[in-house]
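Numbers for residues simply follow the sequence, beginning at 1.
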Amino acid sequence: MPDRVVRRRRRALFLFFFLNGIAMSSWVTRTPDIRDHLGVSTGQMGLVLFGLSVGSMAGILCSGRFVSRFGTRPVTALATLLVVASVVIVAVGSALASAPLVTAGLCVFGAGIGSGEVAINVDGADVERITGTAVLPTLHGCFSLGTVIGGLAGMAATAASFPAHWHLAAVAVVATAIFTYAIGAVPAKTGIRAAPPASEQTRLQRPQVWRDRKLLLIGAIVLAMALAEGAANDWLPLLMVDGHGLNAAVGSLVYVGFAAAMTLGRFSGTFFLTRYGRATVVRASAISGAVGLSLVIFSDNATVAAAAVLFWGLGASLGFPVALSAAGDSGPDQTARVSLVATIGYIAFLVGPPALGFLGDHYGLRAAMVVVLAFVATAIFLAPAAGTRTRVPDSVRV
């Protein structure tokens, strides 16, 4: 594949991650306003967010099979269109103060993000194979960059009391433009797996992947780090508003700081991976995340808690993409392996919002985050499963 084509393909993948980041942060930064407009409690908001989790899980469970049959391009296209449609649905639900409609929109949003997750990551892993460089951390960095830009826009809209539904409608227009530009650069047939002969069908069934102990440990790392990232995406603005007494605009600003730390961590990820290897990077990430979460939970100083979010963001930045990369090259059938690990990770998105919302209603959101802290601390000890060093010679980099 010519270098020019690979670069264009990689740029398109960057844009798809960037698009998802903008869409995600646009919703997250407006959650306090939308919650108040809907007139729901923290626990009820957890049920609204459960729509996002259900959609994500449905999308991730279907995506691996669809990619294996149709390739990454049609799955990426469908997933992105679902994201665009979902933003419009949430905007309408917010305008009508309809919690069921917002929940439905988040379900569609989750289906788009979840189904696109495997497709784009499989495509990114294929680019890694072609170029010999760690691409997935940078791809996820583009997602985080999108959350920073979308978060800044959301913060400004919140401070200006700009209606959330008009804000989300504008995001849908931007997302449509990005999709139209980028989809043509994604090649067809990537990730398609040929059906095995009948005599080999039993031997090659997917349960063999489930029996890979190392892959399951990688999945446990993803579970912990996805919970750390997802908890911030679902609850951080509300955590700073309800748990530390900040106003909605400042709570959004803290989320932007989290997203900026995620972006920094992911864009610098390749540098550290090539020098220290996956296991060391994952361990350092989990330690940083645990330190940040501890300060947010146990410090009564709002300024300290807001600053600690930066450590939380740095810690959550690399666990998910590095573990997916490790899963992709841990053995044969890359699509099945990435799909399995991503599915395990999305359990965090399925269980996290309602569980944390329930705990938040009874004990407060700060206390609820102790669960997240326990999972992240466990990832410190699971880090060796992330695998080998990723050093590559300069001569093969594109």
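Between the Ser288 side chain and the Ala284 main chain, no donor and acceptor come within less than 3.5 Å of each other. Using modelled atom types, no side-chain atom of Thr29 and backbone atom of Gly151 make a donor-acceptor pair closer than 3.5 Å. Of the possible polar contacts, one joining the Thr378 side chain to the Ala374 backbone as a donor-acceptor pair under 3.5 Å is found. At distances below 3.5 Å, at least one donor-acceptor pair connects side-chain atoms of Ser25 with backbone N or O atoms of Thr147. Arg366 places a side-chain N or O within donor-acceptor distance of the main-chain N or O of Ser299, the cut-off being under 3.5 Å. Proximity of a side-chain donor or acceptor of Arg275 to a complementary backbone N or O of Phe271 within less than 3.5 Å is detected. For the pair Thr72 (side chain) and Ala119 (backbone), a donor-acceptor distance under 3.5 Å is absent. No donor-acceptor distance shorter than 3.5 angstrom exists from the side chain of Ser285 to the backbone of Gly319, with no hydrogens or angles considered. The backbone N or O of His140 lies less than 3.5 Å from a partner atom in the side chain of Arg266, making a donor-acceptor pair. Proximity of a side-chain donor or acceptor of Ser94 to a complementary backbone N or O of Ala91 within less than 3.5 Å is not detected.
The side-chain heavy atoms of Trp312 and Val296, taken from C-beta on, include a pair separated by under 4.5 Å. When side chains are defined from C-beta on, Ser26 does not count as touching Val87, because their heavy atoms never get closer than 4.5 Å. Between Leu216 and Ile344, some side-chain heavy-atom pair lies under the 4.5 Å cut-off. In this structure, Leu106 and Val48 have side chains that are in contact, with non-hydrogen atoms separated by less than 4.5 Å.
Under the 4.5 Å side-chain heavy-atom criterion for grouping Ile, Leu, Val, Met, Phe, Trp and Tyr, Leu52 is not connected to Val108 through any hydrophobic cluster. In the hydrophobic clustering of ILVMFWY residues, with side-chain heavy atoms under 4.5 Å counting as a link, Val174 and Phe162 come out apart. In the hydrophobic cluster analysis, where Ile, Leu, Val, Met, Phe, Trp and Tyr join through side-chain heavy atoms closer than 4.5 angstrom, Leu246 is grouped apart from Met155. Note: the hydrophobic cluster containing Val376 also contains Phe298 (ILVMFWY, side chain heavy atoms under 4.5 Å, direct or indirect links). Following chains of ILVMFWY side-chain contacts shorter than 4.5 Å, one can reach Leu373 starting from Phe375, so the two form part of one hydrophobic cluster.
Here the closest non-hydrogen pair linking Leu356 and Ala231 is CD1-CB, 3.9 Å. Smallest separation of non-hydrogen atoms from Ala386 and Val282: CB-CG2, 3.9 Å. Across every non-hydrogen atom of Ala23 and Phe109, the tightest pair is CB-CE1, 3.6 Å. Leu38 and Ala97 get closest at one heavy-atom pair: CD2-C, 3.6 Å. The two residues Ser63 and Val75 make their nearest non-hydrogen contact at OG-CG1, 3.8 Å.
Counting non-hydrogen atoms of other residues, nucleotides and ligands closer than 6.0 Å to CZ of Phe311 gives a total of 12 or fewer. Around the OH atom of Tyr363, the shell of radius 6.0 Å holds no more than 12 heavy atoms that belong to other residues, nucleotides or ligands. Under a cut-off of 6.0 angstrom, the local environment of CZ in Phe18 is crowded, with over 12 non-hydrogen atoms contributed by other residues, nucleotides or ligands.
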